[in-house]
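Please read the structure below before turning to the comments.
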Amino acid sequence: MKKLLIALVTLLPSLAMAASGHGVHLESANVDLHDKASLERGVDLFQHYCSGCHSTQYQRYERVATDLGISNDDMRNKYMFTNAKIGDLMENAIPTADAAKWFGAAPPDLTLVARVRGADWVYSYLKGFYADESRPFGANNTVFPLVGMPHVLQDLQGLATPHYEKKVIDGVETVELVGLNPATGGKMSAEEYDQAVRDITGFLVYSAEPVQLEREALGWWVLGFLFIFFIIAYFLKKEYWKDVH
């Protein structure tokens, strides 16, 4: 519980900054938690591109393997890059102090990010990087302006360039970012990258609430029970009150 509270506190400052960008358009992630193949691709991409800095320390390798239908051997050989055991939490190895020095702030744990911010936010954020030479890592983000994170998926997507327009507001001429030009230089097409980002987002949605599908399935059983109980209660009421009226 203590670690969980620490993770939420860590996310709050960046969440507040993101929330201040109320005019940002978010694309629909269209995540399907029943698509185990997509979730496994998400694990693969997350472990290769994200886990060097970010952890999902409230998830265990073994739980992920079980839920997604991955054998323990495949989990060890394909998605575990440290000496961790299959039952260990999915923590990263980067020292917090060094991470804060390199990026300005320690990269937050991402176990709950999809639950705190929403799947559409995560999906749009991963698609929102663009070239900006004024930033330390040469990239900015439309969803999270001035973010300290580099575009770690740049070799897959390439790098988009910003499209600005001049506008006059209250008599003052300003330059406003109105969109991004298509990314170039990546290994993937735009459609392939969209799917890759959807896969990562799906994994983070699953990580934020591993029992979501089980909870939803149980909900239908509960509703069915309540419906049947309502019918029984209705006829009992009629039986008990038939001599009163």
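Just so you know, these numbers use all the heavy atoms, side chains as well, and skip hydrogens, waters and symmetry mates. Worth saying up front: this structure is predicted, and the values here are computed from it rather than measured.
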- [ ] I would like to know whether H48 and F81 meet ring pair (Phe, Tyr, Trp, His ring centres under 6.0 Å); could you show each step before the answer?
- [x] CA-CA 9 Å; H48 280 88; F81 308 131; 4.9 Å; yes
Open item on the list: What I want to find out is whether K187 reaches D155 closely enough, with some N-O distance under 4.0 Å, to be called a salt bridge.
Closed with: yes
Open item on the list: Is it the case that the side chain of H151 and the backbone of L159 share a donor-acceptor pair, with hydrogens and angles ignored and the cut-off at 3.5 Å?
Closed with: no
Open item on the list: I need the minimum non-hydrogen distance between A119 and A29, along with the two atoms involved.
Closed with: O-CB, 3.8 Å
Open item on the list: Let me check something: do I228 and W220 share a hydrophobic cluster, defined by ILVMFWY side-chain heavy atoms less than 4.5 Å apart, either directly or through other members?
Closed with: no
Open item on the list: Please find the pair of heavy atoms, one from N30 and one from S28, that lie closest to each other, and give the distance.
Closed with: OD1-OG, 3.0 Å
Task: Sub-4.5 Å side-chain heavy-atom contact between D199 and L39 - done: no
Open item on the list: Donor-acceptor pair, distance only, cut-off 3.5 Å: does the side chain of E192 make one with the backbone of S189?
Closed with: yes
Open item on the list: As a quick check of understanding, evaluate side-chain contact (heavy atoms from CB on, under 4.5 Å) for H163 and L180, giving each step before the final call.
Closed with: CA-CA 5 Å; H163 177 62; L180 301 179; over 6 Å; no
Open item on the list: Regarding D194 and R198, does a basic nitrogen lie under 4.0 Å from an acidic carboxylate oxygen?
Closed with: no
- [ ] Looking only at non-hydrogen atoms, find the nearest pair between N181 and A160 and report the distance.
- [x] O-CB, 3.2 Å
Task: Side chain proximity check, L153 to Y193, heavy atoms < 4.5 angstrom - done: yes
- [ ] Using only heavy-atom distances, determine whether the side chains of S51 and N92 contain a donor-acceptor pair under 3.5 Å.
- [x] no
TODO: Could you tell me the separation between the CG atom of L45 and the CD1 atom of I200, rounded to the nearest 0.5 Å?
DONE: 4.5 Å
TODO: Check the pair K85 / E62 against side-chain contact (heavy atoms from CB on, under 4.5 Å), numbers first and verdict last.
DONE: CA-CA 9 Å; K85 298 178 180 179; E62 188 173 29; over 6 Å; no
Task: Salt-bridge criterion met for R76 and D73 (N-O under 4.0 Å) - done: yes
Open item on the list: Can you confirm whether M80 sits close enough to Y61 that some side-chain heavy atom of one is under 4.5 Å from a side-chain heavy atom of the other?
Closed with: yes
Open item on the list: Let me check something: do V122 and Y130 share a hydrophobic cluster, defined by ILVMFWY side-chain heavy atoms less than 4.5 Å apart, either directly or through other members?
Closed with: no
Open item on the list: Looking at R115, I'd like to know if its CZ atom is crowded, meaning that more than 12 non-hydrogen atoms belonging to other residues, nucleotides or ligands lie closer than 6.0 Å.
Closed with: no
- [ ] Report the C-alpha separation of R215 and E209 in whole Å, then their side-chain angles, then the decisive distance to 0.1 Å, and conclude whether the salt bridge (Lys or Arg N to Asp or Glu O under 4.0 Å) test is met.
- [x] CA-CA 10 Å; R215 173 177 56 78; E209 191 178 2; 2.7 Å; yes
Task: Gap between atom CG of L204 and atom CZ of R117 - 0.5 Å precision - done: 11.5 Å
TODO: Apply the test side-chain contact (heavy atoms from CB on, under 4.5 Å) to residues V205 and Q212: give CA-CA distance (whole Å), side-chain angles for both, the deciding distance (0.1 Å), then the verdict.
DONE: CA-CA 9 Å; V205 170; Q212 180 174 338; 4.2 Å; yes
Open item on the list: When you compare the side chain of Q57 with that of E91, does any pair of heavy atoms fall below 4.5 Å?
Closed with: yes
TODO: Indicate if W241 and I232 have the same hydrophobic cluster label, given that clusters are the connected sets of ILVMFWY residues with side-chain heavy-atom separations under 4.5 angstrom.
DONE: yes
- [ ] State whether K127 and E27 are salt-bridged, where the test is any N-O pair (Lys NZ or Arg NE/NH1/NH2 against Asp/Glu carboxylate O) under 4.0 Å.
- [x] yes
Task: Same apolar cluster: W221 and F225, side chain cutoff 4.5 Å - done: no
Open item on the list: If you define the side chain from C-beta out and look only at heavy atoms, does anything of K166 sit under 4.5 Å from E173?
Closed with: yes
TODO: Please round to the nearest 0.5 Å and tell me the distance separating atom CG of L110 and atom CD of Q59.
DONE: 12.5 Å
Task: Note, M90 side chain near V64 side chain (heavy atom, < 4.5 Å) - done: yes
Task: L218-L226 co-clustered via ILVMFWY side chain contacts under 4.5 Å - done: yes
TODO: Would you name the heavy atoms of V147 and Y125 that are closest together and state the gap between them?
DONE: CG2-OH, 3.6 Å
Open item on the list: Testing the 3.5 Å rule here: is there a donor-acceptor pair between the side chains of D44 and Y79?
Closed with: no
Task: Gap separating the CD atom of E40 from the CG atom of D35, nearest 0.5 angstrom - done: 11.0 Å
Open item on the list: Quick check: closest heavy atoms across P210 and R63, and the distance to 0.1 Å?
Closed with: CB-NH2, 3.4 Å
Open item on the list: What I'd like to find out is whether the side chain of S38 reaches to under 4.5 Å of the side chain of R41, using heavy atoms alone.
Closed with: yes
Open item on the list: For the CZ atom of F129 and the CZ atom of F144, what is their distance to the nearest 0.5 Å?
Closed with: 10.0 Å
Open item on the list: With rounding to the nearest 0.5 angstrom, report the CG to CG distance, N140 to L146.
Closed with: 5.5 Å
Open item on the list: Below 30° counts as parallel, above 60° as perpendicular, anything between as tilted: where do the rings of F46 and F203 land?
Closed with: tilted
Open item on the list: Between T111 (side chain only) and A208 (backbone N and O only), is there a donor and an acceptor less than 3.5 Å apart?
Closed with: no
Task: Shortest non-hydrogen contact from M75 toward I70 - done: N-CG2, 3.9 Å
- [ ] Take N141 and D132 through the side-chain contact (heavy atoms from CB on, under 4.5 Å) test and state the conclusion after the steps.
- [x] CA-CA 9 Å; N141 193 278; D132 184 349; over 6 Å; no
- [ ] State, yes or no, whether a side-chain contact exists between F227 and L223 at a heavy-atom distance under 4.5 Å.
- [x] no
Open item on the list: Keeping N77 on the side-chain end and D74 on the backbone end, is there a donor-acceptor pair under 3.5 Å?
Closed with: no
